[in-house]
Amino acid sequence: MTQPSVPPPLAVQPPPIPALPTAGVGGGGVQVRCAGCGLVLNVPPGQSKFVCIRCKMPQKLPPELLNPGPSSNNPTAAAAGGDAESNALKLTTTSTTTTTTSSSSPLRQQQQVQQPQQQQQQQLQQVPTHGIDPTKIQLPCANCKALLNVPHGMTHFSCPQCLVDLAVDFSKLNKFLPPPHLPLPLPHLGLPPPPFHPPEEVNEVAIEVEREEDEGGTVGDTFTDYRPPKLSIGPPHPDPVVETSSLSAVQPPEPTYDPKTKDDLERTQALSCLQIETLVYASQRHLQHLPNGTRAGFFVGDGAGVGKGRTIAGLIWENWCHGRRKALWISVGSDLKFDARRDLDDVGATYIEVHALNKLPYSKLDSKSVGVMEGVIFLTYNSLIASSEKGRSRLTQLVQWCGSGFDGLLIFDECHKAKNLVPESGSQPTRTGEAVLEIQARLPESRVIYCSATGASEPRNMGYMVRLGLWGAGTCFENFQAFLGALEKGGVGALELVAMDMKARGMYICRTLSYKGAEFEVVEAPLEDEMMEMYTKAAIFWAELRLELLTASAFLSDGKPVNSQIWRVYWSSHQRFFRHMCMSAKVPAAVRLAKKALAEDKCVVIGLQSTGEARTEEAVTKYGHELDDFVSGPRELMLKFVEENYPLPEEPESLQEDENVKELQRKRHSAAPDVSLKGRVRKAAKWQPASDDESDKESDTDSAHDSSESDDEFQICNICNQEAVGKKLLQCSCCGQVLHAACLDPSITDVASEDWSCPSCKEKTDEYLQKKQQYLTQLRIRYQKAVERKSKILEIIRAMDLPNNPLDDLIDQLGGPDKVAEMTGRRGMLVRASSGKGVTYQLRNNKDVTVEMVNMHEKQQFMDGKKLVAIISEAGSAGVSLQADRRAKNQRRRVHLTLELPWSADRAIQQFGRTHRSNQASAPEYRLLFTNLGGERRFASIVAKRLESLGALTQGDRRAGPTLSAYNYDSSYGKRALMAMYRGIMEQDTLPVVPPGCSSEKPETVQDFIMKAKAALVSVGIVRDSVPGNGNGKLSGRIIDSDMHDVGRFLNRLLGLAPDIQNRLFELFASILDLLVQNARIEGNLDSGIVDMRANIIELQGTPKTVHVDQMSGASTVLFTFTLDRGITWESASAMLEEKRKDGLGSSYDGFYESKREWLGRRHFILAFESAASGMFKIVRPAVGESVREMPLTELKNKYRKLPSLEKARAGWEDEYDVSSKQCMHGRNCKLGKFCTVGRRLQEVNVLGGLILPVWGTIEKALSKQARQSHKRLRVVRLETTTDNQRIVGLLVPNAAVEAVLQDLAWVQDIDD
């Protein structure tokens, strides 16, 4: 590979360096720096191999110092110096390149002691080229082209010259591998040839195994059955409860708190053992104080339906028995006050009053007039930020009622409501978040309980949980921002560690109802033909409407620009419109599924987010209470947008016939070039400097002032220019000039009136009025045409075939309000008339049921079995229990359909938790409906993104709960995939994959797709400033930088395209994303969260070493060392193959294979058998067992040959099994030595378990110094010992880093002590 261009030679060259006299020295030799110690040596001409006289390292000349021809005997010169297309190093990041220089000078060894210091430095600068260590691979850097000595087995490293990150491309490696050879003796140096070991070959199988080890192990069981590990009070929970296997690996602290209500609870059995465990640990935590002086808080993260309400009631009762008679219970809805009352009654605390704050005045709560002296104040988050007209706030009222030194309970139920305290950049924190923070600060001794199944869907949403003590004084995170930064940097694994950390310190508990029996299914609801046509026409119309708006804005009077607000409203309406369309498209499938469930004696719950109430009420206001048919939400939305936002020119005012001519003359004359007739400022450039205007105004003012002072002033006629003292001059009332009456033509003999105007002004005024009339006529015509155009668009919209409001449609098709219970936030609905013709608007409540109680009434109708279908929205269903409760009359199995996915996973989990709760007769069936439109997955991607981190943080394992990770596109890989797709469509780069429906053998199909895709992106405003090409049919344009990686905008806008091109574009995006994720997995950069380390034998080696102890909780950080035997014996491998054949599921390709190539004189042996995926094979190796990655048949045939003889297979298998117990796959000369575990059967693994957060910074620092890229990453692993099934979850510490971590942790421990 050619070197970069050499910089120009210095104008004045330093004198040649004298060298020791050596035989054969001539003018053609070179200087070279030793690859080992850096000493500069002279190498004679024709000599390519030499030994350093200082460090005795045998080495070779680099290719650029070899003269071509027979004198060079370096076999790698040609390979390494080839052209750039065979480069085996790939850039993984970009960096500034440093230029390499090479120099030639006489061949002699340097006698550095004989040179002056300055001259010596100059000479050394001219000898940058190092010799080549033949025990390493020589590879040219892909960036600066410098030849690098790469140790065997190293796949990721940085170039020492230009500092870019590099990855080895093994497919091109063979060109750079020299055959082994022996160095020549160097008699002229008087040294014997040193012992020389043959260089190690690159082992492709070792590379495969290393990649798999970097990627991590397999995903294990997600849940384990839960029972309190250290408490045995109370009856078992009525339903099976599970905990994620990651959290179950962590033990909580020893319980030391003895509850006062213990005897009563055991007698009444009002609380289960799980709920009592929460009561004990929360009360125990409340006895502690944080380093900043505030009382420590507790986080109840139990899943929806476990019974958090009753647990809170138990805590209130416990504190009441200790004399703490006041408590604040903050929740999301005032309806839940009835649930709070029920829970207190259930635990036996019937005498504790519950006061609804919204029913109380703003005056002092403990005053005689109000009389609330003790008990529970129940309020909503909205009440917390409320204030009266006189400025009295609820928050201040509550703080006053609690009093100074308040140490009672402060309960934040459904605390995810306060999540936006620390929003994304550019947003403001919500008032709710700030109020939650403020009340905690004003009641520092309060016993805080954070309670939510979705309390921390993202680490950013934990900002209000200040009483957990995870950041601030006494921690390694100075503030919340530092904590947040560390977690975001650590990825999903870091989130998982936080939950485990909190449990170990006794501040967090998280169980969930077992999903055993619950069924999850993603149901695709393809668009029916009628809906497909409707959707396509709507997409075309929105694109035309955008062009219409652009055209209309260009013709606005006075160049008035279209406000950017119009485009914001346009795109938000565009998104809502197509979201309505997607939901409407799923109505037929939802109705079919619902009717099928009802026929199977089940009942149905349908979840959606938006009710379309605003559109319905607008239509009722416009058309009246009786309508021909249900309101079409999409149509009303589009009509509203056009009516309110279509850009019309200003309507011109008609010229009044009796308008005062003098006033017009005065206005016309006084009008400056930038002022219109009516005194409005025109958008025209001022042609006079401001100083001139000012001087003119000043002189006008002065002259007016002077003329009023003297009546005897001489005046000059503007026609004859003569003065006339005492002669009467006429002054024009319009232009102000003075004239003799006799000078006028015709002359004036009569006495002129005060409003007299000169003939010139009269003429100009008439002309002006005439021109103005013409101008107004033109404006009126333009305005009328614009109004007609707008009316025509509105007519087109009214004539369009668009679907009805989905909520009304569903209720109507499932039997009407008498059959369907509706729990939403809307006040009224449209109901089909009894005659079947037309619909009528009516309120949801009646004289027997108030508006506040209508949802509770509907819920009871459903639970009593009077209505078998329930439709719920977020606004109406928070905290509502709709499960097949054993206490309810309606115990049919629930079929839960999600017609519309919520905007966030917080809301999705709340919706799923309505039908899956404690004490249920049967678990629900979940049916998640999607259309076959790629763009609709926008909504799924948002939920999936939240769900991944939601499961991670609130349950300690991101695999917990229903995940939609297949639909998670809004990620860092998604952004990179989008950028690659855009660059390909804009023809700035080639597309990384062949677009759907195209063939690489037919380039014209790809070109046709690119043309259609570009036109589609133009129509939805992603490609801007588009201009048709010069007769070639191509469009030019640009995509602004902020759009290049905005996945949300792409998926939103995608909705507005016709289904065909929409799906093709989405498929292309998803294919590129899959490719990027696959590459990241191969290179070991994919964040896979917690992975299981599997082996046949896992044993704990010695006693775990405690390396850190938390002073507050007593929890510790422990270093575990495990010995793993990953191998598969010949007997086990044979049995696996035999079992496969016995089942009759085998393939003709199943069997034992050997590698076609040899490495270090050995071949590698594997067992391959076909997996469930067609054409893919599971691989089992003697040293490491079953491989995570499956191998395609083509790759298997290419690299391996099947063994017909079992004897040969057995001999090779057993030999590899034995050898791998002592060394890695790289052989005895592996440069990482004993620390290398690649392909080693017996492996030592070090894991830091227990508390991690207090020592986070120390571990991160130690890992950052590791050589291998995969070792720098925080990796969370899970192991289970095979002898006693002890489960450990923690941070994997690479063997090479153990010493550094222990040293740093010992220093931390000393400081703490």
Side-chain angles (χ1 to χ4, degrees), residues 527 530-553 562-587 608-624 627-648 786-809 826 830 839 841 900 931 933 935-936 938-939 1016 1019-1021 1049 1051-1059 1062:
L527 269 68
E530 184 186 356
M531 190 68 195
M532 182 74 82
E533 185 182 356
M534 210 183 284
Y535 198 102
T536 305
K537 286 180 178 177
I540 294 169
F541 179 83
W542 274 97
E544 289 175 351
L545 179 60
R546 179 172 166 269
L547 292 176
E548 179 67 34
L549 291 174
L550 288 168
T551 308
S553 64
V562 173
N563 193 334
S564 60
Q565 177 67 21
I566 289 180
W567 292 113
R568 281 197 289 273
V569 176
Y570 173 87
W571 290 118
S572 64
S573 302
H574 180 274
Q575 180 182 336
R576 283 202 303 274
F577 176 90
F578 285 103
R579 192 166 179 231
H580 266 294
M581 294 290 283
C582 289
M583 194 161 55
S584 299
K586 287 177 279 190
V587 167
L608 43 78
Q609 291 303 110
S610 49
T611 60
E613 181 184 24
R615 305 287 88 77
T616 302
E617 291 195 346
E618 285 166 10
V620 168
T621 305
K622 197 188 303 180
Y623 310 124
L627 305 170
D628 294 335
D629 200 354
F630 291 109
V631 170
S632 167
R635 179 183 292 111
E636 293 302 320
L637 190 146
M638 204 186 290
L639 286 170
K640 184 172 189 277
F641 169 72
V642 173
E643 283 170 352
E644 294 181 0
N645 297 284
Y646 188 87
L648 289 175
V787 171
E788 288 170 11
R789 190 75 185 152
K790 177 180 175 180
S791 301
K792 189 176 178 183
I793 292 170
L794 292 171
E795 284 173 21
I796 293 171
I797 295 171
R798 290 188 185 100
M800 284 176 74
D801 190 12
L802 291 169
N804 292 333
N805 183 19
L807 178 54
D808 289 327
D809 216 3
R826 65 176 186 170
L830 290 170
V839 294
Y841 180 80
E900 181 183 17
T931 64
L933 295 169
E936 197 212 353
R938 157 66 172 157
F939 310 113
S1019 72
V1020 291
R1049 176 164 290 177
L1051 292 172
N1052 270 337
R1053 301 282 174 88
L1054 200 62
L1055 283 172
L1057 294 174
Q1062 179 181 150

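Treat the numbers as computed from the prediction; the structure is a model and nothing was measured. Values reported hereafter were calculated over all heavy atoms of this structure, with side chains retained and with hydrogens, waters and symmetry mates removed.
- Interatomic distance, Ile797 CD1 to Glu636 CD, rounded to the nearest 0.5 Å: 10.0 Å.
- In terms of the salt bridge (Lys or Arg N to Asp or Glu O under 4.0 Å) criterion, Lys792 has no residue partners (sequence neighbours excluded).
- The shortest side-chain heavy-atom distance between Tyr535 and Thr931 does not fall under the 4.5 Å cut-off.
- Note that the CG atom of Leu637 and the CZ atom of Phe641 stand 9.5 Å from one another [nearest 0.5 Å].
- Here the side chains of Leu1057 and Ser1019 are in contact, with some heavy-atom distance below 4.5 Å.
- Note: Ser791 OG to Ile796 CD1 = 11.0 Å, rounded to the nearest 0.5 Å.
- Lys537 has its side chain out of reach of Asp801: every pair of non-hydrogen atoms, C-beta onward, lies at least 4.5 Å apart.
- Inter-residue side-chain proximity for Leu608 and Pro806 is flagged as unmet; no heavy-atom pair is nearer than 4.5 Å.
- Taking all atoms of both residues into account, the shortest heavy-atom contact from His574 to Asn1052 is CE1-O, 4.4 Å.
- Contact detail for Arg798 and Leu639: the closest heavy-atom pair is CG-CD2, 4.0 Å.
- Smallest separation of non-hydrogen atoms from Met531 and Pro803: CE-CG, 4.2 Å.
- The environment of CD in Glu643 is crowded: more than 12 heavy-atom neighbours from other residues, nucleotides or ligands sit within 6.0 Å.
- Side-chain contact between Val787 and Leu648 is present, with heavy atoms from C-beta onward closer than 4.5 Å.
- Considering only heavy atoms from C-beta on, Ser573 comes within 4.5 Å of Arg576 through its side chain.
- Arg579 CZ to Leu1055 CG: the interatomic distance, rounded to the nearest 0.5 Å, is 10.0 Å.
- Atoms CG and SG, from Leu527 and Cys582 in turn, are 7.5 Å apart once rounded to the nearest 0.5 Å.
- Between Val1020 and Arg1053, the shortest heavy-atom contact is O-NH1, 3.0 Å.
- Phe578 is not listed as a side-chain neighbour of Leu1054, based on a closest heavy-atom distance of 4.5 Å or more.
- Looking only at side-chain heavy atoms (C-beta outward), Met800 and Met534 stay at 4.5 Å or farther from each other.
- Here the CD-CD1 distance, from Glu644 to Ile566, works out to 11.5 Å after rounding to the nearest 0.5 Å.
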Sequence neighbours left out, cut at 3.5 Å: what donor-acceptor pairs do the side chains of residues 539-548 make with other protein atoms?
residue: Arg546; atom: NH1; partner: Val1018; partner atom: O; Å: 3.1
residue: Glu548; atom: OE1; partner: Arg789; partner atom: NE; Å: 3.1
residue: Glu548; atom: OE1; partner: Arg789; partner atom: NH2; Å: 3.0
residue: Glu548; atom: OE2; partner: Tyr646; partner atom: OH; Å: 2.8
residue: Glu548; atom: OE2; partner: Arg789; partner atom: NE; Å: 3.1

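- Scored by the side-chain hydrogen bond (donor to acceptor under 3.5 Å, both in side chains) test, Asp808 finds Asn805, Arg826 as partners (sequence neighbours excluded).
- Nearest heavy atom pair, residue Leu802 against residue Pro634, reads CD1-C, 4.4 Å.
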